[in-house]
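One structure below.
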Number of protein chains: 2
Amino acid sequence: MHPRILDTLKRNQLSITDSRKKILEMFLQRKGALAHADIEQQSGEEFDRVTIYRTLQTFVEKGIIHTIPSADNSVRYALCKDDCSEGHHHDNHVHFMCDQCGTTYCLDHVTVPSVALPVGFLVSQVDVVVSGTCLKCQ
Amino acid sequence: MHPRILDTLKRNQLSITDSRKKILEMFLQRKGALAHADIEQQSGEEFDRVTIYRTLQTFVEKGIIHTIPSADNSVRYALCKDDCSEGHHHDNHVHFMCDQCGTTYCLDHVTVPSVALPVGFLVSQVDVVVSGTCLKCQ
DNA sequence: ATTATTTTGCAACAATGTTGCATTTATGTA
DNA sequence: TACATAAATGCAACATTGTTGCAAAATAAT
């Protein structure tokens, strides 16, 4: 078991359960983003669909993971670099979605460029979604 | 009826039908983005749900409208500035989604900043999704 | 005006997400 | 460790969203 699992759950005052351990482990191992369907498949019917929904919801609320914007209507989740406190307004991200294989990368080390908006618009968060071909699919 | 409707449909070799005229008119009038649900409500059960889905699909394929990425799982559509030929790889956009009222703006005049990606990633499109408070909700 | 093509509406289905509640599991305390 | 309390899970049922096939209707072409 990944060393950060218990730590993360405890820090966020979450009961330590099988589903939470397993799902958190998935995120920690494969660094890319995961959709609900991915988790459902990989866990092999070990957990109820509802449990997975609720676990993801909880993780988002606690700031352990965040959702990634996408143009198709599939919600994907990725680990927050360091758990964002309160789960609100976490750091800005650059995400990369591969057109070929569909893998979504969370590029934490890429700087989010500043955007100059028209007067009257207050910015709370900037998400940059880049699509194209990823490293593996060249 | 908006003068650009017939023009746009003809240019894209689409049959001129009531649903297409009405839906295109919605996009031309209210310049913000529209979700499927918005269209369904505004058209007041005039058209079948399936027809709306298919119309939006067709418009996207023809490059008349494009989808806007969002972190929740609601797909929104907005007019392309000038119909993008082939519907693929239209110009990059900055989109603004208001946390208060949910209105999505397509900020065509804001320049998309260039993003420096790691070596090996080929970029085909950059979407910038800014969220915060809009002009009206201050 | 008539034929050929396209689009629509309906029905049925599939996928995705939500809610309430009883049962099970985890936590805190003696 | 055993017990009481609190929390999470699984099930069932439901709601929403999106898809597909096909006959009927509308549009376009001749």
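Letters A, B, ... are given to chains in the order of the sequence lines, protein chains preceding strands, and every chain is numbered from 1.
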For DNA chain D, the residues among residues 51-59 of chain B that have a non-hydrogen atom under 4.0 Å from it: Tyr53(B), Arg54(B), Gln57(B)
Within the side chain of Asp48(A), is there an N or O that forms a donor-acceptor pair under 3.5 Å with the backbone of Val50(A)? yes
Counting distance only, does the side-chain N/O of Glu25(A) pair as donor-acceptor with the main-chain N or O of Met1(A) below 3.5 Å?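 No, because the side chain of Glu25(A) does not come within donor-acceptor range (under 3.5 Å) of the backbone of Met1(A).
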Side-chain donor/acceptor contact of Arg49(B) with base of dG9(C) under 3.5 Å: no
So the contacted stretch of DNA chain D, first to last nucleotide with an atom under 4.0 Å from a non-hydrogen atom of chain B, runs from dT17(D) to dA28(D)
In chain order, what residues pass the ring-ring contact (aromatic ring centres under 6.0 Å, His included) check against Phe96(B), with sequence neighbours excluded?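 Partners of Phe96(B) by the ring-ring contact (aromatic ring centres under 6.0 Å, His included) criterion, ordered by chain and then number, come out as Phe121(A).
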Nearest whole angstrom, please: distance from the P of dG20(C) to the CG of Asp48(A). 16 Å
Over how many whole Å does the gap from Lys62(B) atom NZ to dT7(C) atom P extend? 9 Å
Tell me the ring pair (Phe, Tyr, Trp, His ring centres under 6.0 Å) pairs involving residues 9-59 of chain A, sequence neighbours left out?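 Residue pairs passing ring pair (Phe, Tyr, Trp, His ring centres under 6.0 Å), neighbours aside: His36(A)-Tyr53(A).
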Measure across Thr8(B) and Arg4(B) and return the closest heavy-atom pair with its distance rounded to 0.1 Å.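 Thr8(B) and Arg4(B) have their closest heavy atoms at OG1-O, 2.7 Å.
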Could you pull out the closest heavy-atom pair between Gln138(B) and Leu135(B), with the gap in Å?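 So the two residues come closest at CG-O, 3.4 Å.
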With [X], which residues qualify under side chain to side chain contact (heavy atoms under 4.5 Å, CB included), at least two apart?
{"X": "Val115(B)", "value": "Val94(A), Val110(A), Pro113(A), Val128(A), Leu117(B), Val126(B)"}
{"X": "Ser131(A)", "value": "Asp99(A), Ser124(B), Gln125(B)"}
{"X": "Ala78(A)", "value": "Ala33(A), His66(A), Ile68(A), Cys106(A)"}

Mind checking side chain to side chain donor-acceptor pair (under 3.5 Å) for [X] and listing every partner two or more places apart, or none if nothing turns up?
{"X": "Thr104(B)", "value": "Arg76(B)"}
{"X": "Glu46(A)", "value": "Lys22(A)"}
{"X": "Ser74(B)", "value": "Asp72(B)"}

Using C1' atoms of five pairs at each end, report the bend of the helix from dA1(C)-dT30(D) to dA30(C)-dT1(D) rounded to 10 degrees. 40°
Distances for protein N or O near nucleotides 25-30 of chain C N or O, under 3.5 Å:
residue : atom : partner  : partner atom : Å
dT27(C) : OP1  : Ile16(A) : N            : 2.9

Apply the side-chain contact (heavy atoms from CB on, under 4.5 Å) test between Ser43(A) and each candidate in Ile23(A), Thr51(A), Ile52(A), Asp18(A); give the one that qualifies. Ile52(A)
Between Val50(B) and Ser19(B), which is nearer to the 5' end of DNA chain C once each is assigned its nearest nucleotide?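 Here Ser19(B) is the residue nearer the 5' end.
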